[in-house]
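For reference, the structure is listed below as structure tokens.
Computed from a prediction, not measured in an experiment: that's the story for all the values here. In listed order, ligands and their atoms are each counted from 1.
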Amino acid sequence: MAEIGTDISKASRLLKKNELVAIPTETVYGLAGNALDPIAIAKIYTTKDRPSFDPLITHVNNIADASTLVDSIPKLAYNLAERFWPGPLTLLLPKRKHVPDMLTSGLEKMAIRVPDHPITLELLKKINFPLAAPSANPFGYISPTTSGHVDRQLGEKIPYILEGGPANIGLESTIVSIEGKVICVHRLGGLDLEKLQTFGEVIVRNTTEAKPNGPGQLDSHYAPKKKFIIGKLDDLLLEHANSKIGILSFSKIYSNSNKNIVLSANGDINEAAENFFSALRTLDNEDIDLILGEYVPQKGIGKAINDRLKRASYF
Ligand code: TXA
Ligand code: MG
């Protein structure tokens, strides 16, 4: 098990020695290492069992720090950064030469964001390099929203987890590139499309049909080990009446058993996002044969939850 604590100096010392540290963000916990050092980057890939074709997101303190890593920031990207950083927005921007190719899996653009968490922002201030940080889970599995989630899966492999409490958004950042005047969304996430639309035309390219440019776009991802079926819960319950089941429902209770987790009793879509990964993990660890779930309303962050539901239940 890893040590869990709030010692930012310790985290910074470890990172400077090319060790990995799990860090809290407002979206999910990240597995962080020096984004400019290929040794630290390689450790991230091996610790997560992540294929090397899946590029990493780089975390910085502010727009000024981002601009030291990228060749240029288009005006529209700059406006988005000014409005939404720190926050759950990742921008794809052309990287400078000194940024290792390993970080981007050879792509010309790097993914970059300013996380909205006081502990991680303070840590970034203390070190003089940016942090590469994918979600701190084994590749393909449910993302971690608490330090305990990280510890249970990666605790043996890393020395330290910075405690920052449960992630308050609970889903990964929205990834966008700017193409001319168009905002192109590559991964639905914590920042609503509605908010992006106030800045211009938004197209979503996070489809499962297109050739994926990252495993966040793979058909199967964020997946529990148990079989997970999404549909109309009333029908699914009849169909699977003879199985040991867990239920992941949006706001309605379908069973009095503690194996029915309700994401938000009063139908609050943001609360549902915050609880989503944690609920899926809890059910995955129950003594059941299968998990039944339903889609949530397609509004605001609900679109990103439904995207995760679809990929988590793909088999
Ligand atoms: O909220 C988040 O973004 C969290 C926290 C820790 O910041 N991080 C996260 O990282 O979700 P990860 O590695 O689990 O997902 C990163 C996604 C991958 O699907 C990857 O393919 C995509 O970002 N990505 C990274 N760099 C890219 C690039 N240059 N072009 C296209 N996609 C990229
Ligand atoms: Mg991930």
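Nearest residue to atom 26 (N) of ligand 1 from A132, S143, A136, A111 is A111 (criterion: closest heavy atom).
Relative to the six-membered ring of Y222, R308 meets both conditions, a distance below 6.0 Å and an angle of at most 45° to the axis. Seen from the ring of F84, K195 does not count as a face-on cation partner, given the 6.0 Å and 45° thresholds.
Comment: E239 does not engage K232 in a salt bridge, judged by the lack of any side-chain N to carboxylate O separation of less than 4.0 angstrom. Between D307 and K303, no side-chain nitrogen of the basic residue sits less than 4.0 Å from a carboxylate oxygen of the acidic one, so the salt-bridge criterion is not met. A salt bridge is defined here as a Lys NZ or Arg NE, NH1 or NH2 lying under 4.0 Å from an Asp or Glu carboxylate O, and D71 with K97 fails to meet this definition. Taking 4.0 Å as the cut-off between side-chain N and carboxylate O, E3 and K10 count as a salt-bridged pair.
Summarising the local packing, NZ of K227 is surrounded by 12 or fewer heavy atoms from other residues, nucleotides or ligands at distances under 6.0 Å. Around the CD atom of E179, the shell of radius 6.0 Å holds more than 12 heavy atoms that belong to other residues, nucleotides or ligands.
When every heavy atom of P144 is checked against every heavy atom of N137, the shortest pair comes out as CD-OD1, 3.6 Å. Minimum interatomic distance between P38 and M102 (heavy atoms only, all atoms of both residues): O-CE, 3.6 Å. Of all non-hydrogen atoms in P130 and L36, the two that sit nearest each other are CD-CD1, 3.6 Å. The two residues S135 and V28 have their closest heavy-atom pair at CB-CG2, 3.8 Å.
Considering backbone and side-chain atoms alike, S135 places an N or O below 3.5 Å from some N or O of ligand 1. Taking distance alone, with nitrogen or oxygen atoms compared against 3.5 Å, E172 stays at or beyond that limit from ligand 1. Taking any N or O of T90, backbone or side chain, none lies under 3.5 Å from an N or O belonging to ligand 1.
Close approach to S173 involves these atoms of ligand 1, each under 4.0 Å from a residue heavy atom: 1 (O), 2 (C), 3 (O). Under a 4.0 Å criterion applied to the non-hydrogen atoms of R187, ligand 1 contributes the atoms 2 (C), 3 (O), 9 (C), 11 (O), 15 (O), 16 (C), 17 (C). Using a 4.0 Å cut-off to heavy atoms of H59, the atoms of ligand 1 that qualify are 5 (C), 6 (C), 7 (O). Close approach to K109 involves these atoms of ligand 1, each under 4.0 Å from a residue heavy atom: 29 (N). Proximity to T27 (heavy-atom distance under 4.0 Å) selects the following atoms of ligand 1: 1 (O), 2 (C), 4 (C), 5 (C). When each atom of ligand 1 is checked for a heavy atom of L107 under 4.0 Å away, the hits are 28 (C), 29 (N), 30 (N).
Protein N/O/S atoms nearer than 2.8 Å to the Mg ion (ligand 2) total 1.
Not a single heavy atom of P115 sits closer than 4.0 Å to an atom of ligand 1.
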Starting from the C-alpha separation in whole Å, work towards a yes-or-no answer on ring pair (Phe, Tyr, Trp, His ring centres under 6.0 Å) for H221 and F139.
-> CA-CA 8 Å; H221 208 65; F139 180 70; 5.5 Å; yes
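Neither the backbone nor the side chain of H186 comes within 4.0 Å of ligand 1, counting heavy atoms alone. In H221, neither the side chain nor the backbone holds a heavy atom less than 4.0 Å from any atom of ligand 1. Contacts between I175 and ligand 1, counted as non-hydrogen atom pairs separated by less than 4.0 Å, involve the side chain only. At a 4.0 Å heavy-atom cut-off, ligand 1 does not touch T104 at all. By the criterion of a heavy-atom distance under 4.0 Å, the backbone of A133, and not its side chain, is placed next to ligand 1.
In this structure, the side chains of R96 and L69 stay at 4.5 Å or more apart for every pair of heavy atoms.
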